[in-house]
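Here is the structure we will look at.
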Amino acid sequence: MNLPKVYEPEKYESDIYALWEKGDVFKPENRFGNKGTFSMVMPPPNANAPLHVGHCLFVTVEDIVTRYARMQGKAALWLPGADHAGFETWVVYEKRLEKEGKSRFDYSREELYQQVWDFVADNKETFFQQFRALGASCDWSRFTFTLDEKVVRTAFNTFKKLWDDGLIYRGERLVNYCTKHRTGFADIEVAYEDATTPLYYMQYGPFVVATTRPETKFGDTAVAVHPDDERYKDMVGKTVTVEGVNGPFEIMVIADEMVDMSFGTGVLKITPAHSFDDWEAAQRHNLPAVRVIDHDGTLNERAGRFRGMTVLEARKAIVAALKEKNMLIKVDEHYQNRMGKCYKCGTIIEPMLMEQWFVDMDRLAKPAIKALEEKRIAFHPESKRKQLIEYLQNLRDWNVSRQIAWGIPIPAFQNVDDADDWIYDERVDQEIIEVDGKTYHRDPDVFDTWFSSGQWPFVTTNYPDGDDFKKFYPTNLMETASDILYPWVSRMIMLGLYVTDEVPFKDVYLHGLVLGPDGQKMSKSKGNVVNPVEQLEKFGADALRLGLITNAVAGANQPYTDVKATGGRNFCNKLWNIARYCEEKIGDTKDLNREPNPQTMADHWILWKLQQSMQAICDALDTYRFGEAWDTVYHLVWDDFADWYIEASKAELNLSVLAYGLETILKLVHPFAPFVTETIWQTLAWEEGSFLATSQWPTPPKGSADEADAFEQLIGVVQETRALMVELNARGRTLYYKDAPLINDNAELIKRLAKVAAVKEVTDGQGVRLTQTRQQVWLDVDNDTLQRYGSLLQERLQETRSRIAQLEGRLGNNSYVDHAPKVLVEQSREQLADAQAALETISAQAQKYGITL
RNA sequence: GGGCGCUUAGCUCAGUUGGCUAGAGCAUCUCGUUUACACCGAGAGGGUCGGGGGUUCGAGUCCCUCAGCGCCCACCA
């Protein structure tokens, strides 16, 4: 025997993976004639962090899809990559510097870039070794990093195209700004949090205004009231004098619909440079914007004696000053507010007036919305489509400038003598360039990371002239996490349509979060983080994959406990032992014919089961119902093949069907658990030099439906016999039958499956009658057990009567008989006949033994 | 404030167009050391599918409503 008793994944997995790589198994090729292509680009993981369980889930899902497509004969491309993750990585790296007592300001931009590059290179390496350990069948030769030359080039080209089309502009706008990281953000990078902040009512010239931010009053350029507000009608359009903490100043009163009359006093101070609402109001009323807060988060010279204080310090000091001057009317300490915070460090985001590059989202979003409405992309789950459309409809222009060193430099230069003169130039390795005798200075900023990763599907396939682009674009599937639907998926659709005129993918499958064992989002502080490397070592890659895919449903979060991987491991071991059994039976049989030649009922039955299951598995996989597909495979292998077919084969052995069955289940399991199946395949060595990974997905076999049905009936007899034996404590009894060719022809098989002492034919019933099969079968018992049989019959009788009543009711209802499909009505009639026959049997048995029911 | 989703056995969750005598895994209980497997085998118990109403011959599935939970988006100072 070649296979040891227990499957030990660590002994085989790395060798198997090496074998696949050596065999070029992951190259997209049509291996069985032209069966078309399948393509998917891996969502590039951030190259800055260790592997987490979420990665394992997406690797599993994507690998299943790819292996399935590959086995169907498609040229299956799964293209791997890694993301420099601009800001994300930057944060990680800054933390490291901080630990060493250094800061980004100790280095030049070029030095920093190089340091981060080295840091990321190290990380990438371990990371993708772990992906290999999980069995990821992606084509590593096509690996793309978001800072690769071709990505940078494409980002430049797209920027140029946007520039030429007037879709990108440089403008002074309010930007979400983190004063700790000193960079601006896109709207989507701001995390809002509920907070209770004091609401200060302060004297403001003739008004009282309510504000949470008294420190911004030095940037006020107007006071606003509602146009319908009778209280202040006379004031609108006038200029009023306000006594401030730094002395008096004059300010205009405007009327604007934005003001909520019922909030506070109905008077709102307008600070265009530090509030999004106010900025918009300022645009409507042509108000100037005055900066008060500097990039380091402190107040500037406009604040007079408060200059140099941080926002929070200044707020305190100003409130104290107002109090002193009796200008603080009251304070609402319980005001419920929402505060924008930096999603990385939690620093309160300051809306800051800055010059940045903005992308006109209105014009980019429109074609995307159209494509979504026309269903040119399918979503799993479908509900995400509507959410995405609504998101796209409400987009503001996208700030793509980031004030960090780690990223793709923006290829734009500014005339040193004319601040409004910007030119596009790709010589980003130089700080100063000369063009037409004029001197230009490079924009020090880099692109938002989503600007480059938003172009991922066509960048990686080498738009516009690459062979991969021609062959594999648009890609078939985008599989990614639900929580990056907005920042990533939406941008790929917009930029894909803009650059290539085609949607970048036809299907979007979104997986949910893998939660901790407690059902909460994993976090270090909660201590519920599952370490996937530990799980891998403990259970093996297949087991972890199976654990993650069990019950997986699109878009749904799932808690992870190692009970799941345990189940996966047990399955692998089961499969392993199935193979051991088959190998032992088949042995060294020369010229083994794996074309199934069904002889017995069980042969026909297992072929029929395989056929049914294959249909269900394909249906589920084709619609990305992975949990369901796996459930079907699992029960086919364990219940049908192992528990019934193999057990039956111990009585009647048919090598061709046994071998065919094993080969087929190995193929069906392979996408889910590639290592154990390939290991078995290689050990069996039925085909010299072949890989299960590149074998052809099985086609449904043919079997006799009648024979299969006969075996189903036999299963019924066996199951009821077993149950009766357990319930009546009648082990080791003889089974009698009458007028039952099915039993007669399969006495040995039944004896074995039902674990009875003997199966004998008689002219009349010898003991307790099986009531739930159509066969006439009895189990012999002694007198003591008849007592128990009575109560058992009682239960059966009640069940059967209520069943009959239910079915009679249904069939007595003309509406049902008229409206329901004929098949169903016919089925009901059969069920009723069966139930009535069972009732007769029960009564007859009761009468025979004098049991009163 | 808007949107999306969830509520089904002790636990974690399936249940595609309405046809279900409502399933799985784990857990529980009973039996079993049968020569592929104790990471096993056989069997059992356990649910008025969150509450209420409606449509329908038929509702876990569709509609309305109430309650609880979760997530996302939004500029109320």
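Here the structure is a predicted model, which means the values were calculated and not measured. Throughout, protein chains are lettered first and strands after them, A, B, ... in sequence-line order, and every chain is numbered starting at 1.
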Can you check nucleotides 40-42 of chain B for protein contacts, nitrogen or oxygen pairs under 3.5 Å, and list what you find?
unit_1: B:rC40; atom_1: O3'; unit_2: A:K574; atom_2: NZ; d: 3.2
unit_1: B:rG41; atom_1: OP1; unit_2: A:K574; atom_2: NZ; d: 3.0
unit_1: B:rG41; atom_1: OP1; unit_2: A:W638; atom_2: NE1; d: 2.3
unit_1: B:rA42; atom_1: O3'; unit_2: A:R722; atom_2: NH1; d: 3.3

Can you pull every protein N or O that's under 3.5 Å from an N or O on nucleotides 18-22 of chain B?
unit_1: B:rU21; atom_1: OP2; unit_2: A:R810; atom_2: NH2; d: 2.9

Report all interatomic pairs (protein N or O, nucleotide N or O of nucleotides 60-62 of chain B) with separations under 3.5 Å.
none

Pairs under 3.5 Å (N/O, protein and nucleotides 4-6 of chain B):
unit_1: B:rC4; atom_1: OP1; unit_2: A:K386; atom_2: NZ; d: 2.4
unit_1: B:rC4; atom_1: O2'; unit_2: A:Q387; atom_2: NE2; d: 2.5

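Residue-to-nucleotide proximity on RNA chain B shows that, of A:Y7 and A:E628, the 5′-proximal contact is made by A:E628.
Applying the side-chain hydrogen bond (donor to acceptor under 3.5 Å, both in side chains) rule to pairs touching residues 821-830 of chain A yields A:Y816-A:S828, sequence neighbours excluded.
Remark: A:E10 pairs with no residue by the side chain to side chain donor-acceptor pair (under 3.5 Å) rule, at least two apart or across chains. Considering only residues two or more places apart in sequence or on other chains, A:Y204 meets the ring pair (Phe, Tyr, Trp, His ring centres under 6.0 Å) condition with none of them. Judged as a side chain to side chain donor-acceptor pair (under 3.5 Å), and not counting sequence neighbours, the contacts of A:T785 are A:D782. Considering only residues two or more places apart in sequence or on other chains, A:K269 meets the salt bridge (Lys or Arg N to Asp or Glu O under 4.0 Å) condition with A:D220. For the ring pair (Phe, Tyr, Trp, His ring centres under 6.0 Å) test, residues two or more places apart in sequence or in another chain that qualify with A:Y12 are A:Y7, A:W576. In terms of the side chain to side chain donor-acceptor pair (under 3.5 Å) criterion, residue partners of A:D229 (sequence neighbours excluded) are, by chain and number, A:R231.
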As a check on the pairing definition, encode RNA chain B in dot-bracket form, counting Watson-Crick and G-U wobble pairs whose two distances are under 3.5 Å, and using | for partners outside this strand. (((((((..((((.....[...)))).(((((.......))))).....(((((..]....))))))))))))....

